[in-house]
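To start, the structure under review is shown below, and the notes come after it.
Naming: A, B, ... by sequence-line order, numbering from 1 per chain.
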Protein chains: 2
Amino acid sequence: MSEGLVVNKNRTKNDLYETAGRLFSEKGYHGTTIRDIASAHGILSGSLYAHISSKEDLLFHLVDDGADTFLAALEPVVQGEGDGLQKLRDGLAAHIRVVTTQMNIAKVFLDDWTALGAERRKVIQEKRDRYERLWNQLLAQGISQGRIVTDHPKYLRILLLSVGNWVYEWYRPDGGLTPEALADTFMDIVLHGVLGRGEPAAPSGG
Amino acid sequence: MSEGLVVNKNRTKNDLYETAGRLFSEKGYHGTTIRDIASAHGILSGSLYAHISSKEDLLFHLVDDGADTFLAALEPVVQGEGDGLQKLRDGLAAHIRVVTTQMNIAKVFLDDWTALGAERRKVIQEKRDRYERLWNQLLAQGISQGRIVTDHPKYLRILLLSVGNWVYEWYRPDGGLTPEALADTFMDIVLHGVLGRGEPAAPSGG
DNA sequence: CCTACCGATCGGTAGG
DNA sequence: CCTACCGATCGGTAGG
């Protein structure tokens, strides 16, 4: 019965990653000090090294976790059966769901991975490439089914990922659209276009 | 006649801003030291302070310059006469032109402005708000002319700016599309959509 | 996880 | 723009 009172105990490594992720997301990797992280975690800076071996270790863990999260969200969509249009929408929703529900990890993955040393950056670059290939597959499926028609699949991919990535810059969890509603809204624009039937304005003086 | 030999002299403040902009863009504000900048500029770190009064001064100048550059590019488009569709395309082209031809300034403006102190961040926030309002005006013009039809003008603006901003993450000046061609490609997708005439896949087992 | 500390580097200054 | 430097803070360690 007294276990409800046990707070601030039994902090796990996950707490530490969460704290670091929040701070890196807010102030960037280089803008966050070891002492910031330790202080937010409620310990002294030297004590951090009982859990990690370097600041960059912390960054790599978060970035790698971010990469895996995006991959794990998209892979079942690409491999699934069904209509290519629906799958594309599901892919965008999966991406936006990661960005909105794991905003810190997504932001650190997207923004701070370049702070990694060459070797670890290469590991992440490979996962980024894999993620891009998954998107190409997803688009290729919709195109081969005739559900998507475009002369510029590459720029359609760039457009979708741009809009999906940029979500972390403006999205606020409280009171906004759900990730699914967001994906639907963006997909509606991209699928049907926004061109009206109005005529071009007459050249002035004509 | 000997003036052709006078090199590495007469460095101006603009050289310094360019150097700082390049380094901030590459490694971020916090990832760049005063000594990095001085060294790339060919002087010692203490000598920088003959030109600037603090590292944050340097950042503010670059970010503010970036804000003004985006505003100056978009304002004539919004105020100009003509077809709302063409103006929207011109607005996107103007934005992408800034990002691609002044990539360092654009990146520092978009990425590093949050490193500013509260007061200066507020100055930039106001210019960001102004820029957003300009985009809303531009969209409203196209909508009132009936050239643009959408239930979600806010998300159309977000989509266009997302795709415009993210350009700095992947664009490489050599061998890529021109800013105008890029804007045309993205606008084509957004105006006409990419929905094919294919039928939805039949439910499996149906 | 703390005490106590390390060498290196940070942004910045005085005086020329 | 250099010489010569400052106090503060950085990431990290030894020993408990």
Please tell me whether A/T185 and A/D188 have a donor and an acceptor in their side chains that are separated by less than 3.5 angstrom. no

Side-chain donor-acceptor pair under 3.5 Å between B/D36 and B/T32, yes or no? no

Can you pull the side-chain hydrogen bond (donor to acceptor under 3.5 Å, both in side chains) pairs that have at least one residue in residues 98-107 of chain A, sequence neighbours excluded? A/S25-A/N104

With Watson-Crick and G-U wobble geometry limited to distances under 3.5 Å, how should the secondary structure of DNA chain C be encoded in dot-bracket form, using | for bases paired to another strand and [ ] for crossing pairs? ||||||||||||||||

Can you say whether the rings of B/Y131 and B/W135 are parallel (under 30°), tilted (30 to 60°) or perpendicular (over 60°)? perpendicular

Quick one: CE on A/M103 to CZ on A/R22, what's the gap to the nearest 0.5 Å? 13.5 Å

Are more than 12 heavy atoms, taken from residues, nucleotides or ligands other than A/E180, located less than 6.0 Å from that residue's CD atom? yes

Of the nucleotides D/dC1, D/dG11, C/dC2, which one has an atom closest to the side chain of A/Y49? D/dG11

Restricting both atoms to N or O, compile the protein contacts to nucleotides 4-6 of chain C shorter than 3.5 Å, with distance only.
none

For B/H41 and D/dC2, what is the distance between atoms NE2 and C1' respectively, to the nearest whole Å? 14 Å

Taking the side chain of A/I43 as heavy atoms from C-beta outward, which of C/dC1, D/dC2, C/dG12 is closest to it? C/dC1

To the nearest angstrom, how far is B/E56 atom CD from C/dC10 atom P? 18 Å

If I take atom CG in residue A/L58 and atom P in nucleotide D/dG11, what distance separates them, rounded to the nearest angstrom? 11 Å

C/dC1 phosphate, OP1 or OP2, under 4.0 Å from A/H51 side-chain N/O: yes

Here's a test of your reading of the structure: between B/K55 and A/L44, which maps to the more 5' nucleotide of DNA chain C? A/L44

Residue pair B/H95 / B/N165, side-chain donor-acceptor N/O under 3.5 Å: yes

Separation of C/dC10 P from B/K27 NZ (nearest whole Å): 9 Å

Expressed as a whole number of angstroms, how long is the span from B/L48:CG to C/dT13:C1'? 13 Å

Starting at CD1 of B/I34 and ending at P of D/dT9, how long is that distance when rounded to a whole Å? 17 Å

Return whichever of A/S47 or A/T33 has its heavy-atom-nearest nucleotide of DNA chain D closer to the 5' end. A/T33

Spell out, as yes or no, whether a donor-acceptor pair under 3.5 Å connects the side chain of A/K154 to the backbone of A/N136. no

Are A/H51 and A/Y17 close enough that their ring centers fall under 6.0 Å? no

